[in-house]
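Read the numbers this way: they start at 1 and go in the same order the structure lists the ligands and their atoms. Any value given below was found using the heavy atoms of this structure, including those in side chains, with hydrogens, waters and symmetry copies removed. Just so you know, these numbers come straight off a predicted model, no measurement behind them.
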Amino acid sequence: MKTKIIIAGPRGKMGSEAVWMVHNEASFELAACIDRINDGKTLKDIESLPALNVPIFEDPEQCFQEIDADVLIDLTVPEVGFEHTKLALLYDIRPVVGTSGFSKEQIDALEDLSITHGTGCIIAPNFAVGAVLMMAFAKKAAKYLPDVEIVEQHHDQKLDAPSGTAVKTANMIAETRKSKQQGHPDEKETLEGARGASTDGIHIHSVRLPGLIAHQEVLFGGPGQTLTIRHDSYNRASFMEGVKLSVTKVMELNELVYGLENILE
Ligand code: NAP
């Protein structure tokens, strides 16, 4: 039986990629879309999306009431993404959320709701399997090479810096790395910010340029050697394997899982 899916944000860069992924996946069926415009239309009315008779709803609650669906994929903005996720859980539709920027309180509230309803939910700030592996390898390496700096590079439309992935990498590294202040103890910045941001003594440098998508290097240094772990997302298709895996996995869950690394075997 096919997994019936609702996608919120189908005209967005990630959402449109997800629409095509679901359309091309034999075991998935696109049941409906939630959009803030185009109410009452179908997907075939929207340029550059597959010509399907899939209904579009502006009101998420109406969508969840009228459409028989197993999973909601949300790729919107944090304010509405949170409301969509909450509502989906109330209707026992399992959310797979790529929308980034939820607060800890929001995630805790969704976790409570997920447990109360026994409805699975996956929230993943990074769906690129390679990025998740980069973080896991960096955590492992930091145990042996505690001198480490992170350089993350993103497109110049990104609003937040450093990226959530860079912060998460630093947090994961901090779990295995002996805490230390790096660089010369008398180091001084002659230009403010030259050494980047610092969390737990780990420096993070953020590059923003047109042409980039999402890239990160974790550089380790030791006597006479360096180790570089690098991940590049060249386009948004890089995130879709993780979305696909999450849709399959969320059907087996009855609680909330945060982070793709927690569903990779
Ligand atoms: P985007 O191109 O700006 O798409 C966002 C979509 O959300 C648009 O279709 C937008 O509609 C819609 N939207 C905005 N406000 C809305 C509202 N009030 N109600 C309903 N829909 C609304 O952004 P994107 O690059 O696709 O990213 C989408 C989300 O995924 C972001 O949170 C981003 O940080 C996150 N992201 C996650 C990953 C991951 O691996 N987890 C990777 C990349 C991005 P309009 O066009 O009308 O504004």
Revision key, fill the gap. Residues joined to L209 in its hydrophobic cluster, side chain to side chain under 4.5 Å directly or through other members, sorted by chain and number, are V151, V207, L212, L219
Review point. Would you say R208's side chain and H155's backbone share a donor-acceptor pair under 3.5 angstrom?
Key: no
Review point. Is the backbone of G222 close enough, under 3.5 Å, to the side chain of Q225 for a donor and an acceptor to pair up by distance?
Key: no
Practice item. Determine whether the side chains of T165 and Q216 contain a donor N or O and an acceptor N or O closer than 3.5 Å. Key: no
**Study point:** D232: salt bridge (charged side-chain N to carboxylate O under 4.0 Å, His left out) partners, not counting sequence neighbours
**Key:** R230
**Study point:** Set of residues satisfying side-chain contact (heavy atoms from CB on, under 4.5 Å) with respect to E58, sequence neighbours excluded
**Key:** D39
Check your understanding: Using a threshold of 4.0 angstrom between heavy atoms of the protein and any atom of ligand 1, which residues qualify?
Key -> G9, R11, G12, K13, M14, R36, L75, T76, V77, V80, G98, T99, S100, A124, P125, N126, F127, F239
